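Worksheet: the structure to be examined is printed underneath.
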Amino acid sequence: MTTCREIMTTPVFRFAPSPNGELHLGHAYSALLNQELAHRMGGRVLLRIEDIDVTRTRETYVAQIFEDLDWIGFHYERPVRRQSAHMADYRLAADRLRDMGLLYPCFASRTGIAAAVVAKGADWPRDPDGQPHYPGLCRGMPETEVRRRRAAGEPIAWRIDMGAALARLGVTGRGDLTATCFDLDGGETRIAVDAALWGDAVIVRKETPTSYHLSVVVDDALQGVTHVVRGRDLEAATGLHRLLQALLGLPEPRYHHHRLLIVNGRKLAKSLSDESLRALRENGVSPADVQALIGPLG
Ligand code: GLU
C-alpha cells in the first residue's frame, strides 16, 4: 500500500509535448531523460498533452505522440492529462490574477503592436522568444472604453502588468526571484531568474482562455510535479513560471534544462520541423538506433 509519506516524497516528472507537429529526436531525448531521472530517483513519470492551441493542434499529432512514445519505450501513468479538457482550471487561475489587479485587457493586434514598436526605435527590448516587449498600447485603458470594445465583440487578451506583479512580490533586483535547478548527479543550485525579460506577457490569449505559461504552472501544481526537465530553449520561460507560481501560491518544482540535440550541425529546437520519429520509424530505424542517435542521457 502506498503511504502518505511516500506520495509526498516521491519525485514526479513529466514530459509535456504540444501536438502541433511531429515529435523528433529532441523530444525523444527529453522524454527518455525524464524517464531515466525518474528511474534513478525512484520517481513517477507523467505525460501531458499541451493542446491549448486550438488553431495548431491536430488529433493526428496526438495519436502520433502515443505511437512514437510507445515505440521509443517511454512509459507513463494513465490517465494522461490533456490541457484542452481543463480550461476551467486555467480560468480560475486567471481570475485570481485578475482579482489581484495584475492582469489588464488588451485588444491590440499584431500589426498595431508592430507599428508601435517601430515608433519606439531599434533599442526597444525583445523577449527571450525574440518578440518585442509589449509597448503598452492598452495599459491603463479607461473602463468605459474596455466595456464598449468588449460589447462590440472585439477579441480580448489579458496581459500581466509586469511592474505591478514584481512589486507585489517585493522583487526589486536580481536574485529576488529564484529557481532551484538540479544537475544530473543530484546537486542543487539556487539561481536568479528574471521574469521582467518577458515584459507584459500575454497570460490569457485571444483565442483560448489561457496561455502556455499559465497552463504549465497550473498543471505542474495540480499534478504534483516536483521535477521539471525540459530543453534549454525553455530556460528563460522558467523566470515567468516562477513569478506566476509565487503570485498564485503554487509549490515550486525543481528544474533541469537539458542540452538541445545537435543534428547535422543544427540545434533541434522544439519548434523546428526536423526529421520526425515517425519518418525514422518508417525508414527502418530501430528504437536502439534512436538511443544511439540521441547519445547518452544526461
Ligand atoms: N509543451 C511545451 C513544448 O512542447 C513544453 C512545455 C514544458 O516542458 O514546460 O515545447
Side-chain angles (χ1 to χ4, degrees), residues 11-38 43 45-58 61-62 64-66 68-69 72 74 76 80-87 89-90 93 127-131 179-182 193 195 198 201-203 205 208 210-245 248 250-261 267-274 276-277:
V12 180
F13 291 75
R14 88 316 191 257
F15 175 59
S18 305
N20 49 27
E22 299 191 313
L23 298 190
H24 54 61
L25 287 169
H27 294 104
Y29 177 77
S30 200
L32 293 174
L33 179 62
N34 268 284
Q35 179 163 278
E36 169 65 18
L37 294 176
V45 184
L46 310 179
L47 169 67
R48 184 166 72 225
I49 303 291
E50 302 213 320
D51 58 348
I52 56 158
D53 190 335
V54 284
T55 53
R56 292 171 68 213
T57 291
R58 297 277 175 279
Y61 292 139
V62 177
Q64 223 173 284
I65 286 173
F66 292 117
D68 289 344
L69 293 178
I72 63 169
F74 176 77
Y76 47 88
V80 170
R81 185 173 172 95
R82 282 191 67 159
Q83 290 188 325
S84 55
H86 298 278
M87 294 300 184
D89 293 332
Y90 315 133
D127 73 20
D129 286 343
Q131 297 303 315
T180 302
C181 291
F182 66 100
V193 290
W198 296 92
V202 171
I203 299 301
R205 288 162 53 168
T208 187
T210 184
S211 60
Y212 158 61
H213 300 295
L214 184 64
S215 324
V216 97
V217 298
V218 168
D219 284 350
D220 283 342
L222 285 176
Q223 295 190 286
V225 171
T226 58
H227 290 69
V228 172
V229 175
R230 59 188 177 193
R232 281 193 195 137
D233 52 336
L234 291 172
E235 191 162 6
T238 298
L240 184 49
H241 298 178
R242 287 289 304 116
L243 177 83
L244 292 173
Q245 286 157 358
L248 292 166
L250 303 176
E252 180 193 344
R254 295 166 170 77
Y255 290 89
H256 176 79
H257 300 104
H258 60 69
R259 67 184 169 90
L260 298 180
L261 288 198
K267 271 188 194 161
L268 283 184
K270 291 188 175 185
S271 54
L272 295 179
S273 63
D274 286 278
S276 67
L277 295 181

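Since we're looking at a predicted model, the values are computed, not measured. Atoms within a ligand are numbered from 1 in the order they appear, just like the ligands themselves.
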Does the residue R14 have a heavy-atom contact with ligand 1, meaning some pair of atoms that are separated by less than 4.0 Å?
yes
Report the C-alpha distance between D51 and R56 in whole Å, list the side-chain angles of each, state the deciding distance to 0.1 Å, and finish with yes or no for salt bridge (Lys or Arg N to Asp or Glu O under 4.0 Å).
CA-CA 8 Å; D51 58 348; R56 292 171 68 213; over 6 Å; no
Show me which atoms of ligand 1 lie under 4.0 Å from any heavy atom of E50.
1 (N), 2 (C), 5 (C), 6 (C)
Once you measure the plane-to-plane angle for H256 and F182, does it fall in the parallel (<30°), tilted (30-60°) or perpendicular (>60°) bin?
tilted
Decide whether an N or O pair under 3.5 Å exists between P17 and ligand 1.
no
Go through ligand 1 atom by atom and flag the ones less than 4.0 Å from a non-hydrogen atom of R230.
7 (C), 8 (O), 9 (O)
In plain terms, say whether D89 and R81 are close enough for a salt bridge, that is, a side-chain N and a carboxylate O under 4.0 Å apart.
yes
Taking the six-membered ring of Y76 as reference, does the cationic atom of R14 (NZ for Lys, CZ for Arg) lie under 6.0 Å from its centre and within 45° of its axis?
no
Donor-acceptor pair, side chain of D129 and main chain of Q131, under 3.5 angstrom
no
With heavy atoms under 4.0 Å as the rule, classify the contact between Y212 and ligand 1 as side chain, backbone, both or neither.
side chain
Which ligand 1 atoms does V216 reach within 4.0 Å, using its non-hydrogen atoms?
9 (O)
At a non-hydrogen distance cut-off of under 4.0 Å, which region of V228 contacts ligand 1 (side chain, backbone, both, or neither)?
neither
Just say parallel, tilted or perpendicular for the rings of H257 and Y255, cut-offs at 30° and 60°.
parallel
State the atoms of ligand 1, each with its element, that fall below the 4.0 Å cut-off from a heavy-atom position in S18.
1 (N), 2 (C), 3 (C), 4 (O)
